[in-house]
K.L.:
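Take this structure first; my questions come after.
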Amino acid sequence: MIHVAIVDDHAVVRAGLEAVLARADDVRVAGVYADGAAFLDGLAQLERLDVVLLDVSMPGRDGFDVLRRLRERRVPPAVVLLTMHAARTHARHAHDLGAQGYLTKDASDVRIVHAVRTVAWGGTAFEDADLDEGAGGGASAGDPAGGRAPAPEGFAALSEQEMRVMRLTYLGLGTTEVARDLGLSPKTVSTYKTRIMAKLGVANLIELIRYAEAVGFRVD
């Protein structure tokens with residue numbers, strides 16, 4: 001289970017993020033905070049924290065300030081900064097300060113959930129693919145496979161069962177949910193996901209979703 005804290009000064013955004021994460025079977029919202037100071041004050045009360053969804057622009061302590069404080073912890077949680085600013089400089093700054101992800105607030109529900117999973121597993125989730133080389137990010141819409149050449153057959157290379165797994169994954173279902181829906185074991189679903197990513201030439205779930213969006217993947 002991935003334990004996530006939400007820190008944002010807009011009530012509507014907090015409620016929306018909480019609702020999105022509640023639909024993921026492998027994610028638990030550990031705390032919801034209206035500003036950076038409240039989050040830092042309440043940090044000691046959290047039994048476990050894996051990921052922080054952190055707004056950049058907040059009164060008092062902004063997201064970058066909170067990120068700096070978190071980096072001082074012996075075992076800091078992974079941080080995904082959420083912002084209205086898509087500027088490359090903001091994404092680079094977030095990366096340089098130690099954030100694992102940077103998403104604009106108009107990111108899809110699927111992308112948000114996959115970003116949480118990716119950073120919890122040790123990966124990075126940067127929506128802006130124009131970070132300096134080596135910053136680690138994802139793929140851009142124009143380069144959905146993150147610099148690797150995807151298989152020319154695309155989704156046509158997938159078997160029927162792989163396509164079923166792909167559709168449910170694209171809809172934001174976790175491994176356990178996909179396994180339940182298809183009557184498979186979670187281990188088998190994980191194997192299918194690995195095969196799908198290998199066939200499409202992508203390295204992780206974030207890149208898989210970007211690839212699907214870039215080529216107009218449909219679930220109907």
Side-chain angles (χ1 to χ4, degrees), residues 2-10 12-14 16-18 20-21 24 27 29-36 39-40 49-73 76-147 172 202-214:
I2 303 169
H3 291 68
V4 182
I6 298 168
V7 187
D8 196 291
D9 63 328
H10 291 94
V12 173
V13 174
R14 294 196 301 272
L17 290 172
E18 193 168 10
V20 168
L21 297 181
V27 177
V29 176
V32 181
Y33 306 88
D35 57 63
F39 167 63
L40 292 173
L49 181 60
D50 303 306
V51 178
V52 182
L53 291 179
L54 179 61
D55 186 18
V56 169
S57 301
M58 295 182 292
R61 290 187 180 278
D62 65 15
F64 291 128
D65 186 25
V66 173
L67 176 57
R68 292 187 188 94
R69 291 287 302 277
L70 289 174
R71 294 302 96 191
E72 296 171 359
R73 294 174 63 86
V79 175
V80 176
L81 288 173
L82 293 172
T83 178
M84 296 302 295
H85 308 291
R88 297 175 186 175
T89 53
H90 285 84
R92 291 194 187 103
H93 188 44
H95 175 270
D96 291 345
L97 287 177
Q100 284 72 33
Y102 180 93
L103 299 176
T104 54
K105 290 187 179 181
D106 60 356
S108 68
D109 294 357
V110 170
R111 185 167 291 171
I112 290 170
V113 172
H114 280 301
V116 167
R117 289 172 176 152
T118 298
V119 301
W121 297 336
T124 57
F126 285 89
E127 200 167 66
D128 187 339
D130 292 318
L131 294 170
D132 292 334
E133 188 171 349
S140 68
D143 181 18
V202 299
N204 53 51
L205 290 173
I206 287 289
E207 290 183 7
L208 178 62
I209 297 304
R210 287 184 183 279
Y211 179 91
E213 291 176 345

K.L.:
Passes side-chain contact (heavy atoms from CB on, under 4.5 Å), Val80 versus Leu103? Steps please.
P.N.:
CA-CA 7 Å; Val80 176; Leu103 299 176; 4.1 Å; yes
K.L.:
Which atom pair, heavy atoms only, marks the closest approach of Ala107 to Ile112?
P.N.:
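Heavy atoms of Ala107 and Ile112 come nearest at O-CD1, 3.8 Å.
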K.L.:
Sort out for me which residue in Val29, Asp8, Leu21, Val13 forms a side-chain contact (heavy atoms from CB on, under 4.5 Å) with Leu53.
P.N.:
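By the side-chain contact (heavy atoms from CB on, under 4.5 Å) criterion, Leu53 pairs with just one of Val29, Asp8, Leu21, Val13: Leu21.
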K.L.:
For the pair Gln100 (side chain) and Val79 (backbone), establish whether a donor and an acceptor sit closer than 3.5 Å, ignoring hydrogens and angles.
P.N.:
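It does hold such a pair.
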K.L.:
Any idea which heavy atoms bring His3 and Ala30 closest together, and the distance?
P.N.:
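Closest approach of His3 to Ala30, heavy atoms only: CB-CB, 4.3 Å.
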K.L.:
Evaluate the criterion side-chain contact (heavy atoms from CB on, under 4.5 Å) for residue pair Asp35 and Arg61; output intermediate values, then yes/no.
P.N.:
CA-CA 7 Å; Asp35 57 63; Arg61 290 187 180 278; over 6 Å; no
K.L.:
Taking atom CG of Leu81 and atom OG1 of Thr83, what is their separation to the nearest 0.5 Å?
P.N.:
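Taking CG in Leu81 and OG1 in Thr83, the distance rounds to 8.0 Å.
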K.L.:
Heavy atoms, side chains only, cut-off 4.5 Å: are Phe39 and Val66 in contact?
P.N.:
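Yes, side chains in contact.
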K.L.:
Is a salt bridge present between Arg14 and Asp9, judged by a nitrogen-to-oxygen distance below 4.0 Å?
P.N.:
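A salt bridge is absent here (no side-chain N lies under 4.0 Å from a carboxylate O).
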K.L.:
Should Asp55 and Val7 count as side-chain neighbours, where that means a heavy-atom distance under 4.5 Å?
P.N.:
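Heavy-atom side-chain distance check fails, nothing below 4.5 Å.
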K.L.:
In Å and rounded to the nearest 0.5 Å, what is the CG to CZ distance from Leu40 to Arg69?
P.N.:
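These two atoms lie 5.0 Å from each other.
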K.L.:
Glu18 and Val32: side-chain contact (heavy atoms from CB on, under 4.5 Å), yes or no, with the steps?
P.N.:
CA-CA 8 Å; Glu18 193 168 10; Val32 181; 3.8 Å; yes
K.L.:
Using modelled atom types only, decide if a donor and an acceptor are shared between the side chain of Asp62 and the backbone of Asp65 within a distance under 3.5 Å.
P.N.:
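Answer holds: yes.
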K.L.:
If I compare all heavy atoms of Gly63 with all of Leu54, which pair ends up nearest, and what's the gap?
P.N.:
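Answer, listing the atom of Gly63 first, then Leu54: O-CD2, 3.3 Å.
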K.L.:
For the residue pair Val4 and Leu49, what are the closest heavy atoms and their distance?
P.N.:
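Taking every non-hydrogen atom into account, C-CD1, 4.0 Å.
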K.L.:
Considering all heavy atoms of both residues, which atom of Pro77 and which atom of Arg71 are nearest to each other, and what is their separation?
P.N.:
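Smallest heavy-atom distance, with atoms named: O-NH2, 2.7 Å.
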K.L.:
What are the two closest non-hydrogen atoms of Val119 and Gly101, and how far apart are they?
P.N.:
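Val119 and Gly101 have their closest heavy atoms at CG1-N, 4.4 Å.
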K.L.:
What's the spacing between Arg68 CZ and Leu97 CG if we round to 0.5 Å?
P.N.:
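Reported value, rounded in 0.5 Å steps: 5.0 Å.
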K.L.:
Quick one: pull up CG in Leu17 and NZ in Lys105 and give me the separation to the nearest 0.5 Å.
P.N.:
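If we round to the nearest 0.5 Å, Leu17:CG and Lys105:NZ are 8.0 Å apart.
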K.L.:
How many angstroms lie between atom CG of Asp96 and atom CZ of Phe64, to the nearest 0.5 angstrom?
P.N.:
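That separation rounds to 10.0 Å.
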K.L.:
Report the C-alpha distance between Asp50 and Trp121 in whole Å, list the side-chain angles of each, state the deciding distance to 0.1 Å, and finish with yes or no for side-chain contact (heavy atoms from CB on, under 4.5 Å).
P.N.:
CA-CA 10 Å; Asp50 303 306; Trp121 297 336; over 6 Å; no
